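For reference, the structure is listed below as structure tokens.
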Amino acid sequence: MKLGFIGTGALTAAIVTGLKSFADSSVSVLLSPRNEEIATGLASRFADVHVAPDNQAVLDGSDTVMLAVRPQLAHEVIPSLKFRPDHHVVSLIATISLQEIATLVAPAQRLAKALPMPMIALRQGATIICPPDKDIAAFFGKLGKSIEVEDAREFDALSVATATYASYFKYLDTVHSWLRSQDVDENKGRDYIVSLFKALANAPDTAPDAGFMHLSQEYATRGGINEQILRELADAGLFDIFAQSLDNVHKRITASQA
Ligand SMILES: NC(=O)c1ccc[n+]([C@@H]2O[C@H](COP(=O)([O-])OP(=O)(O)OC[C@H]3O[C@@H](n4cnc5c(N)ncnc54)[C@H](OP(=O)(O)O)[C@@H]3O)[C@@H](O)[C@H]2O)c1
């Protein structure tokens, strides 16, 4: 695969870092020159990664092109480029629909949307792909996990789950701050939380058929301290507010593509 990137920012850097973190010479990478510092940094760190003189040169030297500019710039940057009918285009721009991207990259025919996450740099996490695309699924599968979906609505709904990271870390920070307020050593508290939550993250794999509520009940001993916090948070409406926030993000994502 001759892989080109239009837009060399945080996400492109994460994908290229994951891709070049293991021995596989089947993919060469051609980067657009912006951001210059990130592009030249990647090219100097990794074999078979080069910086093209401009965006058109990326297209001309690639068979697969990932679009990784910010959504606000997409309509300015993409239509000025000449795509070939045989280009395989993957848009990483979550908030622009496939239909709209198709008009911007015509006459390219093969088109997919993908939503990788920054942890792809460590070959962790999952990338959602729509519509199913075996080559792109194989590419992202090597960098973590690929989840292919048929339906753009399913893609949008799954992408809402990616809006929960910051509040997850705030949850951990609340536990950590409370431990500090009890004079627990900062590093000890952090280490303890990290190891607990790593173990919890693995728990669903030990019971692949169990729903999350089953695990919640398993960890909430009747009359115990887990049950107490769960009940107090639920009674305060915290989970209803959280579900409402997911709805709000979903409305925002779907409205931006209307
Ligand atoms: N980061 C994530 O976790 C994530 C996750 C999922 C999807 N996405 C999507 O992926 C896309 C890229 O996100 P990002 O976080 O990588 O953004 P970013 O760090 O801002 O990267 C975008 C890059 O595009 C470059 N650029 C600006 N004008 C350009 C032009 N005319 N031609 C080519 N490149 C140009 C920018 O260079 P300068 O720095 O020189 O302006 C910037 O480095 C966005 O659409 C975003 O919504 C991101």
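When a residue number appears, it is its place in the shown sequence, counting from 1. Every value quoted in this text rests on a predicted model; they were computed, and no experiment measured them.
In this structure, Leu230 CG and Tyr219 OH are separated by 14.0 Å, a value rounded to the nearest 0.5 Å. Of the inter-residue distances, the one linking Gln124 atom CD with Met117 atom CE reads 14.0 Å to the nearest 0.5 angstrom. Rounding to the nearest 0.5 Å gives a distance of 6.5 Å between OG1 of Thr12 and CG of Leu92. For the atom pair CD (Gln228) and CG (Leu233), the distance works out to 10.0 Å, reported to the nearest 0.5 Å. Separating the SG atom in Cys130 from the CG atom in Leu111 is a distance of 10.0 Å, to the nearest 0.5 Å. Taken to the nearest 0.5 Å, the CG atom of Leu3 stands 10.5 Å off from the NE2 atom of His88.
Side-chain contact between Val105 and Ile78 is present, with heavy atoms from C-beta onward closer than 4.5 Å. Side-chain contact between Arg153 and Asp156 is absent, with no heavy-atom pair separated by less than 4.5 Å. For the pair Leu143 and Phe22, the minimum side-chain heavy-atom distance is below 4.5 Å. Between Thr164 and Phe242 the shortest side-chain heavy-atom distance falls below 4.5 Å. Proximity of Phe155 to Leu98: side-chain heavy atoms (C-beta onward) are nowhere separated by under 4.5 Å. Here the side chains of Phe46 and Thr17 are in contact, with some heavy-atom distance below 4.5 Å. With a 4.5 Å cut-off on side-chain heavy atoms, Val90 and Ile129 do not count as touching. Under the 4.5 Å side-chain criterion, counting only non-hydrogen atoms from C-beta, Pro132 is in contact with Glu150.
Grouping the Ile, Leu, Val, Met, Phe, Trp and Tyr side chains by contacts below 4.5 angstrom, directly or via other members, places Val175 apart from Ile229. No continuous path of hydrophobic side-chain contacts links Ile225 to Leu172 [ILVMFWY only; heavy atoms under 4.5 Å]. By the criterion of side-chain heavy atoms lying less than 4.5 angstrom apart, applied directly or through intervening Ile, Leu, Val, Met, Phe, Trp or Tyr residues, Ile101 is grouped together with Val58 in one hydrophobic cluster. No chain of hydrophobic side-chain contacts below 4.5 Å, direct or via other Ile, Leu, Val, Met, Phe, Trp or Tyr residues, connects Leu73 to Leu11. Two different hydrophobic clusters hold Leu246 and Val149 under the rule that ILVMFWY side chains link at heavy-atom gaps under 4.5 Å.
Shown here for Ser159 and Ile128, the closest heavy-atom pair between the two residues is N-CD1, 3.9 Å. Residues Pro33 and Val51 come closest through the heavy atom pair CA-CG1, 3.7 Å. Residues Ile93 and Leu67 approach most closely at CG1-O, 3.7 Å, considering heavy atoms. Ile15 and Pro116 get closest at one heavy-atom pair: CD1-CG, 4.0 Å. Smallest separation of non-hydrogen atoms from Asp24 and Lys20: O-NZ, 4.4 Å. What you find for His75 and Ile96 is that their closest heavy atoms are CE1-CD1, 4.0 Å.
More than 12 heavy-atom neighbours from other residues, nucleotides or ligands sit within 6.0 angstrom of CZ on Arg84. Under a cut-off of 6.0 angstrom, the local environment of CD in Glu36 is sparse, with at most 12 non-hydrogen atoms contributed by other residues, nucleotides or ligands. Residue-environment remark: CZ (Arg180) exceeds the threshold of 12 foreign heavy atoms within 6.0 Å. Atom CG of Leu200 is surrounded by more than 12 heavy atoms from other residues, nucleotides or ligands within 6.0 Å. The number of heavy-atom neighbours closer than 6.0 Å to CZ of Phe83, taken from other residues, nucleotides and ligands shown, is above 12. Within 6.0 Å of the CD atom in Glu37, the count of heavy atoms belonging to other residues, nucleotides or ligands does not exceed 12. In the displayed structure, Arg190 atom CZ is contacted under 6.0 Å by at most 12 heavy atoms of other residues, nucleotides or ligands. Counting non-hydrogen atoms of other residues, nucleotides and ligands closer than 6.0 Å to CZ of Arg231 gives a total above 12.
In terms of the side chain to side chain donor-acceptor pair (under 3.5 Å) criterion, Ser216 has no residue partners (sequence neighbours excluded).
Under the 3.5 Å distance criterion, the side-chain polar atoms of Glu227 are matched with a main-chain donor or acceptor of Gly223. Within the 3.5 Å criterion, the main-chain N or O of Glu186 finds a donor-acceptor partner in the side chain of His176. A donor-acceptor pair is defined here as one N or O able to donate and one able to accept, closer than 3.5 Å; such a pair exists between the side chain of Ser146 and the backbone of Gly141. Between the Thr206 side chain and the Ala203 main chain, a donor and an acceptor come within less than 3.5 Å of each other. With hydrogens and angles ignored, the 3.5 Å screen pairs a side-chain donor or acceptor of His87 with a backbone N or O of Ser62. The closest donor-acceptor contact from the side chain of Lys142 to the backbone of Gly18 lies at 3.5 Å or more, if one exists at all. Judged purely by atom type and a 3.5 angstrom limit, Asp63 uses its side chain to pair as donor or acceptor with the backbone of Lys2.
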Could you go through the side chain to side chain contact (heavy atoms under 4.5 Å, CB included) check for Val184 and Trp178 one step at a time?
CA-CA 9 Å; Val184 173; Trp178 185 85; over 6 Å; no

Please test Thr127 against Phe139 for side chain to side chain contact (heavy atoms under 4.5 Å, CB included), starting from the C-alpha separation and ending with a verdict.
CA-CA 10 Å; Thr127 297; Phe139 174 85; over 6 Å; no

Output, in order, the C-alpha distance, side-chain angles, deciding distance and verdict of side chain to side chain contact (heavy atoms under 4.5 Å, CB included) for Leu59 and Ile6.
CA-CA 8 Å; Leu59 261 58; Ile6 301 296; 3.6 Å; yes

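Results of the side-chain contact (heavy atoms from CB on, under 4.5 Å) test with Thr64 over Ile136, Val27, Asp135 single out Ile136 as the only residue that passes.
Looking only at atom types and distance, the side chain of Gln244 has a donor-acceptor partner in the side chain of Asn248 under 3.5 Å away.
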